Amino acid sequence: MMEWEVVIGLEIHAQLATKTKIFSGAATQYGAEPNTQACAVDLGLPGVLPVLNKEAVRMAAKFGLAIGATVAERSVFARKNYFYPDLPKGYQISQFELPVVACGHLDIELEDGSTKRIGVTRAHLEEDAGKSLHEDFHGATGIDLNRAGTPLLEIVSEPDLRSAKEAVAYMKKIHSLVRYLEICDGNMQEGSFRCDANVSVMPKGSDTFGTRAEIKNLNSFRFVERAIEFEIERQIDLIEEGGKVVQETRLYDADKGETRSMRAKEEANDYRYFPDPDLLPLEIEPSFIEAVRATLPELPDAKKARFMEQYGLSAYDAGVLTASREMGDFYESLVEQAGGEAKQCANWMMGDLAASLNKENLEITESPVSAAMLAGMIKRILDNTISGKIAKDVFAAMWAGEGDADAVIEAKGLKQITDTGAIETLIDEILAANPEQVAAYRGGKDKLFGFFVGQAMKASKGKANPAQLNELLKAKLDG
Amino acid sequence: MALDRSDVAKIAHLARLAIDEEAVPTYAQNLSNILELVEQMNQIDTSGVTPMAHPLHMAQRLREDVVSEVNQREHFQAHAPSTEAGLFLVPKVIE
């Protein structure tokens with residue numbers, strides 16, 4: 001049986017988080033009533049001219065700098081010609097031969113913990129199209145042009161990805177990066193971040209790529225993985241049965257979990273790109289680039305390395321806690337307010353907090369338990385007011401809106417029993433009530449120690465200080 | 001490079017232009033003449049010349065990211081042949 005090598009390249013479309021369109025002063029806010037944010041320029045009415053949005057240029061440059069790319073001093077806008085009702089002008093303004101960003105790269109982490117460098121061929125500015133609503137309007141299609149003209153950064157990778165998992169890791173990395181840079185909200189449900197995948201297979205060791213198929217409009221990480229997995233298998237089966245892969249555009253059907261042919265892309269030059277005469281070349285001064293560079297935040301890789309160094313976290317923990325800028329900010333605020341205890345803070349964030357956020361599908365910024373509240377609770381563990389086990393109940397109460405840790409501990413009477421005399425009384429009662437077990441223990445059944453701890457803890461309603469309880473119990477049983 | 005009838009038909013289709021059958025030979029000739037001129041220009045050594053993207057030697061001016069347009073949907077849709085629920089209606093598009 002032949003061994004195959006998979007070759008994948010991704011084209012990611014990130015909607016830039018500008019207030020207005022790329023070539024007009026119409027708003028870009030999501031969810032507005034149909035066609036209320038589509039001005040004369042967006043509608044392609046005669047006599048209008050596009051004027052480029054400075055903020056879109058700034059965001060593209062920011063992305064370029066963050067991936068170690070060249071930000072072009074001169075780039076050119078071109079018309080990509082095709083007819084579709086949600087593209088009113090009959091062409092999309094994009095960039096072709098001279099994109100604003102070229103030759104960048106970023107490193108992804110593979111499952112075995114090693115890293116792999118993925119090339120980013122280019123990133124160019126272009127306008128988004130409108131939306132076609134195919135629900136039945138008496139046999140017609142409805143067109144909403146609010147999205148027409150929204151700025152997109154199309155990020156094109158080299159064909160460096162060798163599996164669906166690598167493709168997802170790369171896409172997640174870009175997703176995290178554009179959010180760190182605050183150039184895209186990354187909202188995949190709303191279509192702010194989506195991708196096309198070019199997939200081909202070739203015999204292992206070959207240096208000639210196979211014919212590729214392009215899977216369009218994948219809008220979740222899961223779909224990207226499944227669609228690519230399916231496509232790889234389809235192509236291998238096809239070739240092994242003596243068939244040939246044709247170059248075409250395919251759509252992923254999430255319900256059926258398969259890709260199907262959309263249209264043959266026989267001739268790429270059907271788009272007939274040419275420089276847009278309505279737009280002069282974009283020239284970016286070195287001073288502009290330097291000003292953008294000064295606004296770059298600490299990037300994910302650097303933050304992760306710092307977290308490992310500064311807080312002594314494992315690569316995994318540091319990776320989770322720097323997955324978004326907001327996660328990192330929450331963690332650092334938590335550690336600072338908890339007075340150190342980096343590992344304990346990481347455990348609470350990645351444990352109870354993450355689980356609760358997941359369960360209610362909330363972002364870290366929407367957490368009902370703030371960093372200050374969580375820090376307040378961790379302090380009470382550290383000063384022995386509550387045990388780690390009771391803290392779980394305190395956390396749940398804080399999450400449910402019952403106040404901060406001190407208020408919950410007070411209201412529920414959860415304060416740990418640390419009074420030696422009180423714990424001794426508890427133990428005496430347990431021992432007196434279970435004379436047979438005491439005799440068995442003293443006769444050599446060491447395992448019964450856990451039984452006494454359990455009984456005493458239960459009697460204290462979980463509030464006895466575990467370390468003290470253990471120590472006193474041992475002294476009494478052995479004494 | 002000379003264009004034949006099918007080239008003309010394809011170009012017209014891509015541009016969504018309806019053309020008269022009897023005009024096709026004239027279009028083929030005219031378009032072929034343009035390509036011939038381009039071929040002549042191709043003889044010239046242009047190494048070291050920056051490709052021209054625009055006849056004006058100026059750079060693109062940039063606009064501040066400030067909303068300047070208000071909702072004029074009713075005004076714009078007054079020109080549309082068919083609308084419903086704020087949408088422009090077009091003949092059914094099937095992918």
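Just so it is clear: chains get the letters A, B, ... in the order the sequence lines come, proteins before strands, and each one is counted from 1. Bear in mind the structure is a predicted one, so any value in this text is a computation, not a measurement.
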Heavy-atom nearest pair, B:His54 first then A:Asp276, reads CD2-O, 4.4 Å

Out of curiosity, A:Leu43 CG to B:Phe76 CZ, how far, rounded to the nearest 0.5 Å? 5.5 Å

Is the shortest heavy-atom distance from the side chain of A:Glu33 to the side chain of B:Asn71 under 4.5 Å? no

Can you see which heavy atom on B:Ala53 is nearest to which on A:Pro275, and at what distance? O-CB, 3.6 Å

Side chain from CB out, backbone as N, CA, C, O: work out which of these in A:Pro281 comes under 4.5 Å of a heavy atom of chain B, or both, or neither. both

For the residue pair A:Glu283 and B:Gln60, establish whether any side-chain heavy-atom pair is separated by less than 4.5 Å. no

Portion of B:Pro55 that has a non-hydrogen atom of chain A nearer than 4.5 angstrom: neither

Comparing A:Ala26, A:Ser24, A:Ala32 against chain B, the one with the most heavy-atom pairs below 4.5 Å turns out to be A:Ser24

So what's closer than 4.5 Å to chain B heavy atoms on A:Phe23: side chain, backbone, both or neither? backbone

Residue part contacting chain B, namely of A:Val51, when any heavy atom lies under 4.5 Å: both

Under the 3.5 angstrom rule, does the side chain of B:Lys92 hit a backbone N or O of A:His134 as a donor-acceptor pair? yes

At a heavy-atom separation under 4.5 Å, does A:Ile284 approach chain B through its side chain, its backbone, both, or neither? neither

Applying the side-chain hydrogen bond (donor to acceptor under 3.5 Å, both in side chains) test to B:Asp65, which of A:Thr18, A:Thr28, A:Asn53 qualifies? A:Asn53

Looking only at side chains, do A:Arg74 and B:Thr50 share a donor and an acceptor under 3.5 Å apart? no

At a 4.5 Å cut-off on heavy atoms, which part of A:Leu133 comes close to chain B: side chain, backbone, both, or neither? side chain

Which atoms of B:Val90 are under 4.5 Å from chain A, going by heavy atoms: the side chain, the backbone, both sets, or neither? both

At their closest point, which heavy atom of A:Asn35 faces which heavy atom of B:Gly86, and how far apart are they? ND2-O, 2.6 Å

Between B:Arg73 (side chain) and A:Ala38 (backbone), is there a donor-acceptor pair under 3.5 Å? no

Need one label for B:Arg16: side chain, backbone, both or neither, based on atoms under 4.5 Å from any heavy atom in chain A. both

